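As structure tokens, the structure follows; a few thoughts come after it.
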Amino acid sequence: MPSSLIVAADFRQPPKLSRFPAGSEMLLGMDLRGSTGQGGTGPGPITPDGSPVELYVGAESNGEHRIVLDAIATALPTAFAAPDALLAQDPGSGRDVLELGCGTGRITRPLTAAGHRVVAVDESPDMLAHITGTETVCSPIEQLRLDRRFDVVLMMSFLINAPDAAVRRALLATCVHHVRPDGVVVLQRHDRASFAEPQVLERPGHRLEISDVEHLPGDRDAATMTHTVAGRTWSQRVVAQNFTDEELATLLAESGLGSVSYLTQDHTWLAARPI
């Protein structure tokens, strides 16, 4: 992490211990990775941004896939109006989806199972090695330029909260380049409340400690995420740029996206369309 972003902080206060507060199930399963990652440690392969591959191999969706599927059905209603099980029997009823920052396929799998045709993109070959049954592309998101357009471009994992403004613009440029004129871009952003203070979240077999929390100049938050699963521990330092709804709408508009609609009450999930 750049030393210029480090400010004085007092970490002597013990972390708060919680069991499944609102939203914690999603946080425990979340890929806190991508351009917000500032390095990491732990067993097995570690991606350039610090994401621990072996931690995410066993991770499953904690409801995020349902948010994405509902967003697709709402934004593109002609895609389908049938339960997921029926969609899997009729692949022609699905949509073309570009998933940016797919990791090991935690969301890819339920999307393909629902009948959508997914192209899964990640810069880590170690991550992509765990995805089967759909097309994969190994590339940094900022550099990706396929000769195709998609009904849906999905960019999760708080990538939109990259602390570098040039990186944020490049990520959104990739989204805009690949979405069809009548398509939709689905984004997930960081919830500043998750880094409000040190805390420990626990569920059976998985402990997540959020420590070394810093509130940095320019409305950035930093924290160390330490996951312990089956006696194995991984840590990753994360820095996230916060946005108000108005600031985010401006950023999207400058990139060519508008008609923003929020998909969850906490405004961490949203959909936008090409202008």
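Quantities reported herein were computed from a predicted structural model and do not represent experimental measurements.
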Inspect the contact between [Y] and [X] and indicate whether a charged nitrogen and a carboxylate oxygen are less than 4.0 angstrom apart.
X	Y	answer
D219	R192	yes
R180	D96	yes
R168	E254	no
E64	R66	no

Ring-plane angle category for H178 and F150, please: parallel below 30°, perpendicular beyond 60°, tilted otherwise.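 Geometry flag for F150 against H178: tilted rings.
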
Aromatic ring pairing Y56/H227, orientation class (parallel under 30°, perpendicular over 60°, tilted between):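 Ring orientation, 0 to 90° scale: perpendicular.
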
A272 versus V260, closest heavy-atom pair with distance: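 Where A272 meets V260 most closely, the heavy atoms are CB-CG2, 4.2 Å.
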
Roughly how far apart are T74 OG1 and L263 CG, rounded to 0.5 Å?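 These two atoms lie 8.0 Å from each other.
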
So, taking the atom named CG in L172 and the one named CG in L187, what distance separates them when rounded to the nearest 0.5 Å?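 Interatomic distance, L172 CG to L187 CG, rounded to 0.5 Å: 6.5 Å.
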
Quick one: does [X]'s side chain have a donor or acceptor within less than 3.5 Å of a partner on [Y]'s backbone?
X	Y	result
N161	R189	no
T228	T233	no
R220	N242	no

Does the ring center of H190 lie less than 6.0 Å from the ring center of F195?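 Yes, they do, as the ring centres are separated by less than 6.0 Å.
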
